[in-house]
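A short write-up of the structure that comes next.
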There are 2 protein chains.
Amino acid sequence: MARKRFADMNCSVAQSLDIIGDWWTLLIVREALLGTQQFADFQSRLGIAKNILSKRLQRLVENEILMRVDIGRSGSRFAYRLTPRGKDLLTVITALREWGDRWIFGEGNEPVVIRDRRTGGLVPPLRITDGEGLAIEARHLRAEPGPGATREILERTRTLD
Amino acid sequence: MARKRFADMNCSVAQSLDIIGDWWTLLIVREALLGTQQFADFQSRLGIAKNILSKRLQRLVENEILMRVDIGRSGSRFAYRLTPRGKDLLTVITALREWGDRWIFGEGNEPVVIRDRRTGGLVPPLRITDGEGLAIEARHLRAEPGPGATREILERTRTLD
DNA sequence: GCGTTTGGTTTCATCACGCAACCAAATCGA
DNA sequence: TCGATTTGGTTGCGTGATGAAACCAAACGC
């Protein structure tokens, strides 16, 4: 049977994962955020098989996360560049990196750190905050049906804790 | 060939994806955050095959994202509950949800919204901020080797844009 | 004009995913 | 107390996805 897709679920998490949840896909986006643009560079930096890379890049272009720009005079030399939609995945990648830093490598063993170029300071971790920028604890958060909710969601209002 | 694992890459994003990047895994965590605890409930709410769910739950328990608690008097009735490590994935799920809200459903069509119980207000989107809580634009962010960097990383210092 | 680089595609073997059937222990209902 | 049902799985089988290596054509560099 074909792998089940999540595209029909009425849930933004599922929809997002349907597009970027494939094996390798987010690592390709991470490479793109670090400046990689060409097929051969993605391939050698990630150690991904060429046929898989080819499929993933195609899918990322179809979904307008990358665009394939023709460079080179008259033919086939291409650059894959992030679209605004793709650049906006920085938050997702950041959340994943920070989680790995905290729970796998541990404080003081981060392979990569992010710095604010203007001040030179390290960028503090992402937090869920209120309008004033103050952190909100999970037990104070409540999930509830939004304007695009379907019937199954309507019964589920839950505290996130 | 077996699917390649990312566990040996010196990168927090790759390590995180190695653990939670499997098809279905983050949706199971999302369900857990919404309060689901039992096998049959995960199965019916997600529409996932039982053998796959079984494997994913096992892996999540091995990786200490869920714990399997024995409920019921004298035997086999179990609850899968999030550990602190698992609860900390809320940021990742939130980033994914918000990306999907922005780029797939669009403003005003969110299936689910998150509210601050104390104030009743909607929770604003995650942002990468400096120490004062002010947003930092991507072009002001720079990735550079951290304390746990290996040699391949040492040459790569990049602006994220 | 010729070798090399780039950006793939093809082939084949292996593994993961999905469905349905099956199952044993625990619990529920009468 | 005994049979039915619920819970939490496992097993078998078919199909699609993944990975390695070989192959290839068009562009580019000299």
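Convention: sequence-line order gives letters A, B, ...; per-chain numbering from 1.
Using a 4.5 Å heavy-atom threshold, the side chains of Ile93(B) and Leu96(B) count as separate. In this structure the side chain of Asp70(B) reaches within 4.5 angstrom of the side chain of Phe78(B), judged on heavy atoms. Contact annotation: the side chain of Val13(A) approaches that of Leu27(B) to within less than 4.5 Å [non-hydrogen atoms, C-beta and beyond]. Using a 4.5 Å heavy-atom cutoff, the side chains of Pro147(B) and Glu110(A) are in contact. Considering only heavy atoms from C-beta on, Pro111(B) stays 4.5 Å or farther from Pro145(A) through its side chain. Side-chain contact between Leu66(A) and Arg81(A): absent, with no pair of heavy atoms (C-beta onward) separated by less than 4.5 Å.
As a whole-Å value, the separation of Leu53(A) CG from dA17(D) C1' is 16 Å. The distance between atom CD1 of Ile48(B) and atom C1' of dG18(C), rounded to the nearest whole Å, is 10 Å. Between Asp70(B) atom CG and dG9(D) atom P the separation is 11 Å, expressed in whole Å. In this structure, Leu46(A) places its CG atom 13 Å from P of dA20(D), rounding to the nearest Å. Rounded to whole Å, the distance from CZ on Arg59(A) to P on dG16(D) is 16 Å.
In this structure, Ile52(B) and Arg68(A) both approach DNA chain C, and ranking their closest nucleotides by distance from the 5' end singles out Arg68(A). Mapped onto DNA chain D by nearest heavy atom, Met1(A) and Asn51(A) fall at different nucleotides, with Met1(A) at the one closer to the 5' end. When the nearest nucleotides of DNA chain C are assigned to Lys50(A) and Lys4(A) by heavy-atom distance, the more 5′-ward of the two goes with Lys50(A).
Residue Lys55(B) is out of contact with every strand shown, counting any heavy-atom pair closer than 4.0 Å. Using a 4.0 Å heavy-atom distance criterion, Arg56(B) is classed as a sugar-phosphate-only contact.
Between Phe6(B) and Trp23(A), the ring centre distance stays below 6.0 Å. Phe42(A) and Trp24(A) have their aromatic ring centers separated by at least 6.0 angstrom.
Residues Leu122(A) and Trp99(A) do not share a hydrophobic cluster, clusters being chains of Ile/Leu/Val/Met/Phe/Trp/Tyr side chains in contact below 4.5 Å.
Among dG8(C), dG8(D), dG18(C), the nucleotide with an atom closest to any side-chain atom of Phe78(A) is dG8(C).
Remark: Gln38(A), Phe39(A), Ala40(A) in residues 8-43 of chain A come within less than 4.0 Å of DNA chain C through at least one heavy atom.
Note on Ser54(A): a side-chain N or O is less than 4.0 Å away from OP1 or OP2 of dT9(C). Between Tyr80(B) and dG9(D) there is a side-chain polar atom (N or O) within less than 4.0 angstrom of OP1 or OP2. For dT18(D), the OP1/OP2 oxygens have a side-chain nitrogen or oxygen of Arg3(A) closer than 4.0 Å.
In the helix from dG1(C)-dC30(D) to dA30(C)-dT1(D), the rotation axis of the first five pairs and that of the last five pairs differ in direction by 30°, rounded to 10 degrees.
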